[in-house]
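Since the structure comes first, as structure tokens, the remarks are kept for the end.
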Amino acid sequence: MIRKTISLMTLVCMVFGTVFTMSAQEDKSYMMWESIMLTPDYTNLKVLGDNMRAHNAKYHAEGPYDATVYNINTGPNSGKIIWMMGPMMFKHNDSRPSDDGHDEDWAGNVMPYIKKMHTVEYWKQDDDLSNTSMLAGSDGSDYPLQFVRYHEIEKGQGASVGVFLEMISSTIKAMEGENPWGVYWNEFRQGDLGRHVATVGFLKNWAEMDDDNNFKATFEKVHGKNKWQAFLELGDRTISNSWDEVWSYNAHMSGK
């Protein structure tokens, strides 16, 4: 269901110029996640899983420091894992776990079983564009699959981004049923890595990807049949590159 929605929309974006247009520091409150991509030592997966589970259960079990681990199942990063903490704000980094043996446990019991640590990113949720109210109070087990699409934004398209996103967001919110979907801005520039923004569809099972959610029909009801082609062309101008990943919730490593 969400896969077809996201595939129809070449989403989303940020004004990628000299200044970030959406800065977390400007908001009084917001939801943001720290995300670390890790390549595990495949010869010691059981030890890594048990040690990471113990670490997260002891040091990252609640509040802004709550940790969730996902396996990347598709795309260019298949086989890697995502360690995610939040929702949080930047200020929470000033008091993040570091005492009571936290750093020693991570360094001695987790990192020896990691082949490579990749970029550390901070993703801020766009509350206006996202459709995630139905996720309140849920944990990773409620929606164990996430369809993630990363986007690189074409330079000079800042003026068109707001229009494009509003058309997508209003369509998803008008579709029948519950369609949890989020927009997340990368809070730091990535250089050649791109990854300016990510959109996420939250799924209960793989079978949802076979469903036809009638995104186009809903779009035409909301915006008019004469707007569809212009919408597609706007997406082509705005997005310079995109790629998909499906993540699956790893309850064991999450310490749950």
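Everything numeric in this text was worked out from a predicted model, so none of it was measured. What's counted below: heavy atoms across the whole structure, side chains too, no hydrogens, waters or symmetry copies.
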Exercise. So, Trp123 versus Tyr184, ring centres under 6.0 angstrom or not?
Worked result: no

For this session: Determine whether Met167 and Val222 make a side-chain contact, defined as any pair of heavy atoms from C-beta on separated by less than 4.5 Å.
Result: no

Problem set entry | Lys227 and Phe219: CA distance, side-chain angles, deciding distance, side chain to side chain contact (heavy atoms under 4.5 Å, CB included) verdict | CA-CA 9 Å; Lys227 297 290 183 65; Phe219 177 95; 4.0 Å; yes

For this session: For Ser95, check side chain to side chain donor-acceptor pair (under 3.5 Å) against everything at least two apart and list the hits.
Result: Tyr65

Exercise. Under 3.5 Å, is there a donor-acceptor pair between the Ser170 and His223 side chains?
Worked result: yes

Problem set entry | Worked verdict on Asn250 versus Ile81 for side chain to side chain contact (heavy atoms under 4.5 Å, CB included) | CA-CA 9 Å; Asn250 190 318; Ile81 62 176; 5.8 Å; no

Exercise. Which pairs, with at least one residue in residues 43-52 and sequence neighbours excluded, count as a salt bridge (Lys or Arg N to Asp or Glu O under 4.0 Å)?
Worked result: Lys46-Asp50

Exercise. Could you give the distance from NE2 (His196) to OH (Tyr150), rounded to the nearest 0.5 Å?
Worked result: 13.5 Å

Exercise. Which pair of non-hydrogen atoms, one from Met117 and one from Met111, has the smallest distance, and what is that distance?
Worked result: CE-SD, 4.0 Å

Exercise. Can you find a pair of side-chain heavy atoms, one from Trp181 and one from Met175, that are under 4.5 Å apart?
Worked result: no

Problem set entry | Side chain to side chain, Met52 and Leu38, heavy atoms closer than 4.5 Å | yes

Exercise. Just by modelled atom types, is the Asp128 backbone N or O under 3.5 Å from a matching donor or acceptor in the Asp126 side chain?
Worked result: yes

Problem set entry | Nearest-0.5 Å distance that lies between atom CD in Glu187 and atom OH in Tyr30 | 7.5 Å

For this session: Taking all heavy atoms of Pro64 and all of Met85, pick out the closest pair and write down the distance.
Result: O-CG, 3.4 Å

For this session: Spell out, yes or no, whether Leu45 and Ile82 are grouped together once hydrophobic residues are joined by side-chain heavy atoms under 4.5 Å, including indirect joins.
Result: no

Problem set entry | Between OG on residue Ser35 and CG on residue Asn186, distance to nearest 0.5 Å | 9.0 Å

Problem set entry | Within one Ile-Leu-Val-Met-Phe-Trp-Tyr cluster: Phe188 and Leu193, side-chain cutoff 4.5 Å | no

Problem set entry | Note, Thr74 side chain near Asp244 side chain (heavy atom, < 4.5 Å) | no

Exercise. Hey, does the side chain of His102 reach the backbone of Pro97 with a donor-acceptor pair shorter than 3.5 angstrom?
Worked result: yes

For this session: First locate atom CD1 of Ile172, then atom CG of Leu129, and finally report the distance between them rounded to the nearest 0.5 Å.
Result: 9.5 Å

Exercise. For Asn44, what residues pass the side chain to side chain donor-acceptor pair (under 3.5 Å) criterion, not counting sequence neighbours?
Worked result: Asp41

For this session: For residues Glu154 and Asp236, determine if any side-chain heavy atom of one lies less than 4.5 Å from a side-chain heavy atom of the other.
Result: no

For this session: Decide yes or no on side chain to side chain contact (heavy atoms under 4.5 Å, CB included) for Phe147 and Met209, but give the supporting numbers first.
Result: CA-CA 9 Å; Phe147 187 105; Met209 294 189 183; 3.8 Å; yes

Problem set entry | Where Gln125 and Ser130 come nearest, the two heavy atoms and their spacing | CG-OG, 3.6 Å

Problem set entry | salt bridge (Lys or Arg N to Asp or Glu O under 4.0 Å) contacts in which one or both residues fall within residues 69-86, not counting sequence neighbours | none

Problem set entry | Chi angles and distances behind the side chain to side chain contact (heavy atoms under 4.5 Å, CB included) call for Lys124, Phe90 | CA-CA 10 Å; Lys124 180 189 173 187; Phe90 279 121; over 6 Å; no

Problem set entry | Any Tyr122 side-chain heavy atom under 4.5 Å of Asn93 side chain | yes

Exercise. Sub-3.5 Å donor-acceptor pair from the side chain of Arg195 to the main-chain atoms of Arg189, do we have one?
Worked result: no

Exercise. If you look at every heavy atom in Lys204 and Asp142, which pair is closest and at what distance?
Worked result: CG-O, 3.6 Å

Seminar exercise, completed: Between Thr171 and Thr218 the two heavy atoms that sit nearest each other are O-CG2, 3.6 Å

Exercise. What is the distance from atom CE of Met32 to atom CD of Glu121, rounded to the nearest 0.5 Å?
Worked result: 12.5 Å

Exercise. In the single-linkage hydrophobic clustering (I, L, V, M, F, W, Y; side-chain heavy atoms under 4.5 Å), do Tyr59 and Val110 co-cluster?
Worked result: no

Exercise. Within the distance-only criterion (no hydrogens, no angle test), does the side chain of Asn214 pair as donor or acceptor with the backbone N or O of Ala217 below 3.5 angstrom?
Worked result: no

For this session: Check whether any side-chain heavy atom of Val69 sits under 4.5 Å from a side-chain heavy atom of His252, and report yes or no.
Result: no

For this session: Apply side chain to side chain donor-acceptor pair (under 3.5 Å) to Trp106 and list each qualifying residue two or more places apart in sequence or on a separate chain.
Result: none

For this session: Compare all side-chain heavy atoms of Phe231 with those of Gln229 and state whether any distance is below 4.5 angstrom.
Result: no

Seminar exercise, completed: Residue pairs meeting salt bridge (Lys or Arg N to Asp or Glu O under 4.0 Å), one or both in residues 91-106, sequence neighbours left out, come to Glu34-Arg96

Seminar exercise, completed: Closest non-hydrogen contact found for Gln157 with Thr238 is CG-CA, 4.0 Å

Seminar exercise, completed: Rounding to 0.5 Å, atoms OG1 (Thr68) and NE2 (His60) come to a distance of 11.0 Å

